[in-house]
Amino acid sequence: MENKEKTNFIRNIIDEHNRTGRFDGKVHTRFPPEPNGYLHIGHAKSICLNFGIAEDYDGLCNLRFDDTNPAKEEEEFVHSIQKDIKWLGYDWEDRLYFASDYFPQMYEFAKELIRSGKAYVDSQSPAEIRENRGTVKESGKPSPYRNRSAEENLNLLERMKNGEFEEGEHVLRAKIDMSSPNMLMRDPLMYRIKKKAHHRTENEWNIYPMYDFAHCLEDSLEGITHSLCSIEFENNRPLYDWFLENLNIHHPQQIEFARLNLNYTVMSKRLLSRLIAENIVSGWDDPRLPTISGLRRRGYTPESIRNFCEKIGLAKRESIVDMALLEHTIREDLNKRANRVMGVLRPLKVIIDNFPEEEVDDLEAINNPEDETAGKRTIPFTKEIYIERTDFMENPPKKFFRLAPGREVRLRYAYFMKCEKVIKDKITGEIKELHCTIDPPSRGGRSPDGRKVKATLHWVSARFAIDTEIRLYENLFEVPNPAAEEDITDSINPNSLKILKNCKLELCTKNLPVQTKVQFERLGYFCKDDDSTAEHPVFNRTVTLRDVWKKIQKRNKK
RNA sequence: UGGGCCGUCGUCAAGUGGUUAAGACACAAGGUUUUGGUCCUUGCAUUCGGGGGUUCGAAUCCUCCCGGCCCAACCA
């Protein structure tokens, strides 16, 4: 790592706190997911921020599940979330917490606020509460129950807790200011009755704390110093501060930052859940999704995601990061680490007329030109080989350097090869195979006479090829900001997944373990999928290589 | 006159009264190359949403205006 100073407004605030001694130089953050979905790259931003800051300031970062709503939360998600954070490379050590573990203490705090006349049980209906809250431009009206005695409030709350009332009959509210211009300060709800079994406390509670009451207490109880959250909680900060001030307990500093948006995808759990529920994608780990599990399956590495989170920076203004930056970080990582291999996606058979039928010529290939320690391997050359259909054109346009009738190219690590004849289907006109000749002295791909060739093609021996399924991915959406569309399902990219069944891979890929990442030379980075079996390997295309020829083609089309 | 927040290159983003206004991605042009990959070189905001003002000096301070986002779930 270079010695580039990380700088952003949150680090500036922490530096200032350290200068003034606000938290005695301590830094203690937390990542507080609600277990109601899988983590996505937006969460990764927050994880890298919270764990990263703790690391850099010699502090600590807790993992805390904010499980205050049993109607939405599930055990499955608490497992997937832990798996993903660990995979990203972060460690909360023994600091795994659950908001639900604090329910008894929260309940005591609530009673304390009642006793000091700062909370009351409201018995209006949900509709009345909404009505009397007013609007952003008109102030609200106080509840008729606002001045119940502490005794009555305590009694009612206890009975709410014990399940004596039905959902919606009563709530506990903070007594703040019904005419505050900040809607959140108009006697916000602290507890609501929910007769739902909680994934951890089961049926112990009939009331559950609301976010605003619960979250500040969770932070306070854990001794958090800097409570980092996204920008839409800015309006909640006065309330966060109000509870802690009125309870007179440890008071962390809440700081808000802009959440991550990426173009051509969606980041909200609501939208992601919908794509899964409607089977538009195969699940939370569909490789087209920006979920951590999807990216992992697609072939992204933890390092690339962490680098990405580093590169996007941190600020308060809302922004949309270009997908090209994510792709850049995975190419950058895999370029150094992935072994090169040859694979043909859309095979075109080539017969080498001047090569003996049965002969196998073992050629030497470099595994990774960026990493000498990756070593070398041999690849078999035979009379019949496959090349990429897109590497041959009968009537090549100007800037096409590859194979064409009468033209000579190099086969990577093999020979210079000249196209002599094109065999077509008499009826359809489709090109069936090519007849070519090689130049024996060019063995290894060298050019003893100094003759130049404009292209080098990848190829695979027909006799030794491994038949493989390859899944090609593009952006899930056709529009840069799908969340802004009326209905996201209208802008799904019909080409977001393309399955190629008849691909031919180099022999050495035969027994690679699942999740292995390789570069198919000239094509891109690929990752062996979980769906693979011994007889039927499957690879996902993580990302293509940068491709000048594709750019030229695009330009010419316009 | 509800309140809160935000506006620096195509996209992110440093910058906190004196800098030639960082850096990355993208883009463009060259060089190297047995991957049209990688790598290397070069270019890419006389200007910081706009107008006024303070100052010897403003992206940074003041002021007005314009634009965007958030808040009226018993969600988080």
Side-chain angles (χ1 to χ4, degrees), chain A residues 4-5 7-9 12 32-34 36 66 68-69 71-73 122 125-126 129-131 133-140 167-173 179-186 189-194 207-208 210-212 214-215 229-238 256 258 260 263 269-270 310-329 331-332 335-336 340 342 365-366 369-370 399-402 410-414 416 442 444-447 453-458 519-524 544-552:
Chain A
K4 278 180 216 154
E5 287 254 347
T7 170
N8 61 52
F9 78 100
N12 293 346
E34 184 190 12
N36 67 345
D66 205 0
T68 58
N69 186 355
K72 290 187 174 181
E73 295 149 9
D122 193 358
S125 70
I129 290 177
R130 198 179 318 122
E131 182 78 12
R133 187 146 38 214
T135 69
V136 289
K137 296 199 174 179
E138 303 159 51
S139 77
E167 293 187 12
E169 280 189 59
H170 307 283
V171 290
L172 185 71
R173 290 233 248 174
S179 59
S180 168
N182 181 349
M183 298 292 293
L184 288 160
M185 298 299 271
R186 320 242 264 226
L189 272 58
M190 293 164 62
Y191 274 103
R192 77 289 214 189
I193 296 168
K194 250 185 212 296
I207 56 172
Y208 291 93
M210 300 287 291
Y211 169 84
D212 286 301
H215 204 90
C229 63
S230 50
I231 210 87
E232 65 269 29
F233 289 100
E234 212 148 22
N235 294 326
N236 302 57
R237 182 158 26 101
E256 309 85 14
L260 169 67
N263 58 14
K269 274 190 229 172
R270 198 191 94 245
E310 194 76 27
K311 283 174 200 257
I312 55 175
L314 186 75
K316 294 193 75 164
R317 72 184 85 113
E318 60 172 290
S319 58
I320 302 175
V321 173
D322 198 331
M323 189 62 94
L325 185 58
L326 217 210
E327 294 180 344
H328 165 77
T329 60
R331 285 194 191 106
E332 185 182 43
N335 175 48
K336 298 213 177 71
R340 273 61 168 172
M342 293 200 281
I366 293 164
E370 304 294 317
K399 291 201 170 173
F400 185 83
F401 301 155
R402 281 104 102 143
R410 172 170 31 231
L411 294 173
R412 178 84 154 149
Y413 297 125
F416 278 21
S442 67
R446 282 170 276 268
S447 177
V453 98
K454 287 191 98 174
T456 298
L457 308 188
H458 60 277
Q519 182 195 103
F520 292 171
E521 292 217 29
R522 305 207 303 133
L523 297 176
T544 62
L545 257 29
R546 291 181 72 222
D547 189 345
V548 171
W549 171 236
K550 199 160 84 190
K551 266 185 208 170
I552 293 169

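By convention in this document, chain letters (A, B, ...) are assigned in the order of the sequence lines, proteins followed by strands, and residues within each chain are numbered from 1.
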_C1' spacing across the pair U47(B) / G15(B), given as an integer number of angstrom_ = 14 Å
*Could you tell me whether the phosphate oxygens of U38(B), OP1 or OP2, come under 4.0 Å of any side-chain nitrogen or oxygen in Arg522(A)?*
no
*asked:* Tell me whether the side-chain N/O atoms of Arg410(A) come closer than 4.0 Å to OP1 or OP2 in U35(B).
replied: no
*For Leu523(A), answer base if it contacts any base atom (sugar-phosphate contacts may also be present), sugar-phosphate if it contacts only those atoms, and nothing otherwise; contact means non-hydrogen atoms under 4.0 Å.*
nothing
*Student check: side-chain heavy atoms of Tyr413(A) and Ile366(A) closer than 4.5 Å*: yes
*Pull up the glycosidic torsion of A21(B) and say syn or anti, syn being anything within 90° of 0.*
anti
*Just name whichever nucleotide pairs with A28(B), Watson-Crick or G-U, keeping both distances under 3.5 Å, else none.*
U42(B)
*Are Lys269(A) and Lys72(A) close enough that some pair of their side-chain heavy atoms sits under 4.5 Å apart?*
no
_Considering every strand and a 4.0 Å limit on heavy-atom distances, what is the contact class for Arg130(A): base, sugar-phosphate, or nothing?_
sugar-phosphate
*Asp66(A) CG to His215(A) NE2 distance, which is reported to the nearest 0.5 Å*: 5.5 Å
Identify each atom pair where a protein N or O and an N or O of nucleotides 28-30 of chain B are less than 3.5 Å apart, giving names and distance.
unit_1, atom_1, unit_2, atom_2, d
A28(B), OP1, Arg555(A), NH2, 3.3

*Go through the structure and list residues passing side-chain contact (heavy atoms from CB on, under 4.5 Å) with Leu260(A), not counting sequence neighbours.*
Ile41(A), Lys45(A), Met267(A), Phe308(A), Ile312(A), Val321(A)
*Can you check the Glu370(A) CD to U38(B) P distance for me, whole Å?*
9 Å
*Looking at Asp212(A), Val171(A), Leu172(A), Asp122(A), which hits side-chain contact (heavy atoms from CB on, under 4.5 Å) with Leu189(A)?*
Val171(A)
*Interatomic distance where OH belongs to Tyr211(A) and P belongs to C74(B) [whole Å]*: 16 Å
*Please state how far atom CG in Asp322(A) lies from atom C1' in A26(B), giving the value in whole angstrom units.*
7 Å
*Run the salt-bridge test on Glu521(A) and Arg412(A) with the 4.0 Å N-O cut-off and return the result as yes or no.*
yes
*Whole-angstrom distance between A28(B) and G10(B), as gauged at atom P*: 16 Å
*Expressed in angstrom and rounded to an integer, what is the separation of Asn36(A) atom CG from A76(B) atom C1'?*
8 Å
_Contact under 4.0 Å: His328(A) side-chain N or O vs C25(B) OP1/OP2_ = yes
*asked:* Heavy atoms only, 4.0 Å cut-off, all strands: where does Gln519(A) land among base, sugar-phosphate and nothing?
replied: base
*asked:* Whole angstroms only, please: what is the CD-C1' distance between Glu310(A) and C12(B)?
replied: 14 Å
*Check the pair Glu327(A), Thr544(A) against side chain to side chain contact (heavy atoms under 4.5 Å, CB included), reporting the backbone distance first and the verdict last.*
CA-CA 9 Å; Glu327(A) 294 180 344; Thr544(A) 62; over 6 Å; no
*asked:* Once you apply a heavy-atom cut-off of 4.0 Å, does Glu232(A) come out as touching a base, just sugar-phosphate, or nothing?
replied: sugar-phosphate
*Using the C1' atom as the reference point in each nucleotide, state the distance between A21(B) and C48(B) in Å, no decimals.*
8 Å
Between the protein and nucleotides 4-6 of chain B, which nitrogen or oxygen pairs come in under 3.5 angstrom?
unit_1, atom_1, unit_2, atom_2, d
C5(B), O2', Glu234(A), OE1, 3.3

*Give one of base, sugar-phosphate or nothing for Phe520(A), where a contact means two heavy atoms less than 4.0 Å apart.*
nothing
*Report which part of the nucleic acid Pro369(A) touches: base, sugar-phosphate, or nothing (heavy-atom distance under 4.0 Å, all strands).*
base
*Is Arg340(A) close to Glu370(A) at the side-chain level, that is, under 4.5 Å between some pair of heavy atoms?*
yes
*Could you work out the separation of G53(B) and G17(B) based on their C1' atoms and round it to a whole Å?*
15 Å
*What is the nucleic acid contact for Ser125(A), judged by heavy atoms within less than 4.0 Å: base, sugar-phosphate only, or nothing?*
base
*Quick one: is Ser139(A) getting a side-chain N or O under 4.0 Å of the G2(B) phosphate, OP1 or OP2?*
no
*asked:* When both hydrogen-bonding distances must be under 3.5 Å and the geometry is Watson-Crick or G-U wobble, what is G7(B) paired with, if anything?
replied: C66(B)
_Base, sugar-phosphate or nothing for Thr135(A)? Non-hydrogen atoms, less than 4.0 Å._
base
*Is the side chain of Ser180(A) donor-acceptor paired with the backbone N or O of Asn182(A) at a distance under 3.5 Å, no angle test?*
yes
*Quote, to the nearest angstrom, the P distance that separates C25(B) from C40(B).*
10 Å
*Is the shortest side-chain N/O distance from Thr68(A) to OP1 or OP2 of A76(B) below 4.0 Å?*
yes
_Partner nucleotide, any strand, of G2(B) [Watson-Crick/G-U, under 3.5 Å]_ = C71(B)
*Would you mind classifying the nucleic acid contact of Glu521(A) as base, sugar-phosphate or nothing, using non-hydrogen atoms under 4.0 angstrom?*
base
*So what does Lys550(A) hit on the nucleic acid, given a heavy-atom distance under 4.0 Å: a base, only sugar-phosphate, or nothing?*
nothing
*Using the C1' atoms only, state how far U46(B) lies from A58(B), rounded to an integer number of Å.*
15 Å
*Hey, does Arg412(A) reach any base, or is it just sugar-phosphate, or nothing, if we go heavy atoms under 4.0 Å?*
base
*asked:* On the side chain of Asn263(A), is there an atom forming a donor-acceptor pair with the base of U11(B) - under 3.5 Å, no angle test?
replied: no
*So, is Thr329(A) close to the C25(B) phosphate, meaning a side-chain N or O under 4.0 Å from OP1 or OP2?*
no
*asked:* At 4.0 Å (heavy atoms only), tell me whether Ile320(A) reaches a base, stays on the sugar-phosphate, or touches nothing.
replied: sugar-phosphate
*So, do Arg522(A) and Leu457(A) sit near enough that their side-chain heavy atoms are less than 4.5 Å apart?*
yes
*Nearest-Å distance once atom P is located in both A72(B) and U55(B)*: 46 Å
*Length of the CG-P vector between Asp547(A) and C27(B), whole Å*: 12 Å
_d(CZ, Phe400(A); P, G36(B)) in whole Å_ = 11 Å
*asked:* Donor-acceptor check, side chain of Arg192(A) to backbone of Gly168(A), threshold 3.5 angstrom: yes or no?
replied: no
*Which is true for Ile312(A) with a 4.0 Å heavy-atom rule: it touches a base, it touches only sugar-phosphate, or it touches nothing?*
sugar-phosphate
_Gap in Å between the two C1' atoms, one belonging to G57(B) and one to G18(B), rounded_ = 6 Å
_Atom-to-atom span, CZ of Arg546(A) to C1' of C25(B) - whole angstrom_ = 10 Å
_To check you understand the geometry: which heavy-atom pair defines the closest contact between Met183(A) and Thr135(A), and what is its length?_
SD-O, 3.5 Å
*asked:* So Asn69(A) and Tyr208(A), do their side chains get closer than 4.5 Å, heavy atoms only?
replied: no
*Look at Asn236(A) and A76(B) and indicate whether a side-chain polar atom (N or O) is within less than 4.0 Å of OP1 or OP2.*
no
*May I ask you to say what Phe233(A) touches in the nucleic acid, namely base, sugar-phosphate or nothing, with a heavy-atom cut-off under 4.0 Å?*
base
*Does Arg331(A) make a side-chain N or O approach to OP1 or OP2 of U38(B) shorter than 4.0 Å?*
no
*In terms of ring plane angle, is the pair Phe233(A) and Tyr211(A) parallel, tilted or perpendicular, where the classes change at 30° and 60°?*
tilted
